[in-house]
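Contents: one structure, followed by commentary.
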Amino acid sequence: MAWLVAIITLLAWSPALRCAFVWDDDIVLLSNPRFNPPTWDSLLYYWQHPFWNLYTPLTATAYSALAKVSYLITSGENQPQLQPLLFHLANILFHTVAAISLYFVLLRVVRHTKAAACGAILFAIHPIQTEAVAFVGALNNPLCGAFSLLALLGYLKWVDPSAADASQPRSRHTILWATLAFVAAILSKPTAVVIPPIAMLLDWLAYGRGMRKTIRSALPWFAIVMPFAVATALIQHGSAVGGAIGFRFFVAGDAAAFYLTKIAFPWNLAVDYGRNPAWLHQHFWAFFTWLLPASLLVLALLLRRRALPLLAAIGIFGVALLPNSGIFPFDFQEWSTTADRYVYLPMIGVALA
């Protein structure tokens, strides 16, 4: 089934290989002297400085490596240049790794190969993933997603109760590579700070371990999260457009409702929805859109005995959306609180549902 997930993912996104550089690719790559042309000094620079208002040195390293290969391929020409094909291929391959990893994560949770494959394929080819996968400037999303899901897979393998008996002790190597994958995910995009609570929810759903054991297992990852969360808060300057604390909950509720609607009915997808806090102030009905996600949560709570995975799925969706929900202001809110690329990790919850 993993091969089926991989083949469908690659086929679905193969048309992106014919696409060019667009939108912010000019700022990120083409007009960026640190990538065009790439140098060792430029690579080191992004390990010491933020990249586009985020500390994402691993993403910058990926861009630098792809730029270097692109220059080597075109070295025989009069003027070496960046090739969009290589960058699109990297996006697609990282997304494929994410989809395959999600398949194995879901398999550990639902213990049904066809169901796990369906969830992973939904994650892989849903139209709302277009911006994250087909836009070179959004490479940090599939890169972060691939490492995040590898980390979750390693975590679930490590805490599996069946691997903790005397005859088959837990391997420290498993949690080691899972932790390295988790750190790589954060270095790709800081939104990976949501992985520890997602790991706890999957742990609880897959194995039913007690809360104390679950917290103790995930605690080291929460310790890793703290410095990155603080650094991101210091780098981002979105407080000027975030609004008052109470108002931000309406912003977050509206964002959640907007994404759920787009996931259910994926039409009129766009790069910029213009759905910023100022827009919300101008539309009184937008203060009631939070009722949609709230109703789904209430329904899941009422059905929790018969549909526990649904409650966990909603929890994962909400937790994964939290960094870009609007509760914590971020820079892109000047244009829009909502953007399709922000729903990349929350789609884990949709796949589980």
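Residues: numbered from 1 along the sequence shown. All values derive from a computational prediction rather than experimental measurement.
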* To do: Taking atom CH2 of Trp285 as the centre, report whether more than 12 heavy atoms of other residues, nucleotides or ligands fall under 6.0 Å from it.
  => yes
* In this structure, are over 12 heavy atoms from other groups packed under 6.0 Å from Trp177 atom CH2? -> yes
Mind checking side chain to side chain contact (heavy atoms under 4.5 Å, CB included) for [X] and listing every partner two or more places apart, or none if nothing turns up?
X      : result
Leu303 : Leu299, Arg306, Ala307
Ser295 : none
Ala192 : Cys144, Ser148, Ala185, Ile186, Ile195
Phe249 : Ile245, Ile327

* Test applied, side chain to side chain donor-acceptor pair (under 3.5 Å); reference residue, Arg275; option that passes from Thr337, Asp254, Thr338 -> Asp254
* To do: Would you list the pairs meeting side chain to side chain donor-acceptor pair (under 3.5 Å) in which at least one residue belongs to residues 118-137, sequence neighbours left out?
  => Glu131-Arg341
* Asked: Do you see a donor-acceptor pair shorter than 3.5 Å between the side chains of Arg248 and Ser325?
  -> no
* Return yes if a side-chain donor-acceptor contact under 3.5 Å exists between Tyr71 and Asn36, otherwise no. => yes
* Would you please name every residue forming a ring pair (Phe, Tyr, Trp, His ring centres under 6.0 Å) with Trp335, sequence neighbours left out? => Phe332
To which residues is [X] joined in a hydrophobic cluster, defined by side-chain heavy-atom contacts under 4.5 Å among Ile, Leu, Val, Met, Phe, Trp and Tyr, whether direct or through other members?
X      : result
Phe222 : Met200, Met211, Ile215
Trp267 : Phe265
Leu44  : none
Val22  : Trp23, Phe135, Val271

* Structure fact -> Applied to residues 181-215, the ring pair (Phe, Tyr, Trp, His ring centres under 6.0 Å) test, sequence neighbours excluded, yields Phe182-Trp221
* Sequence neighbours excluded, every pair satisfying salt bridge (Lys or Arg N to Asp or Glu O under 4.0 Å) that has a member inside residues 96-111 -> Arg108-Asp160
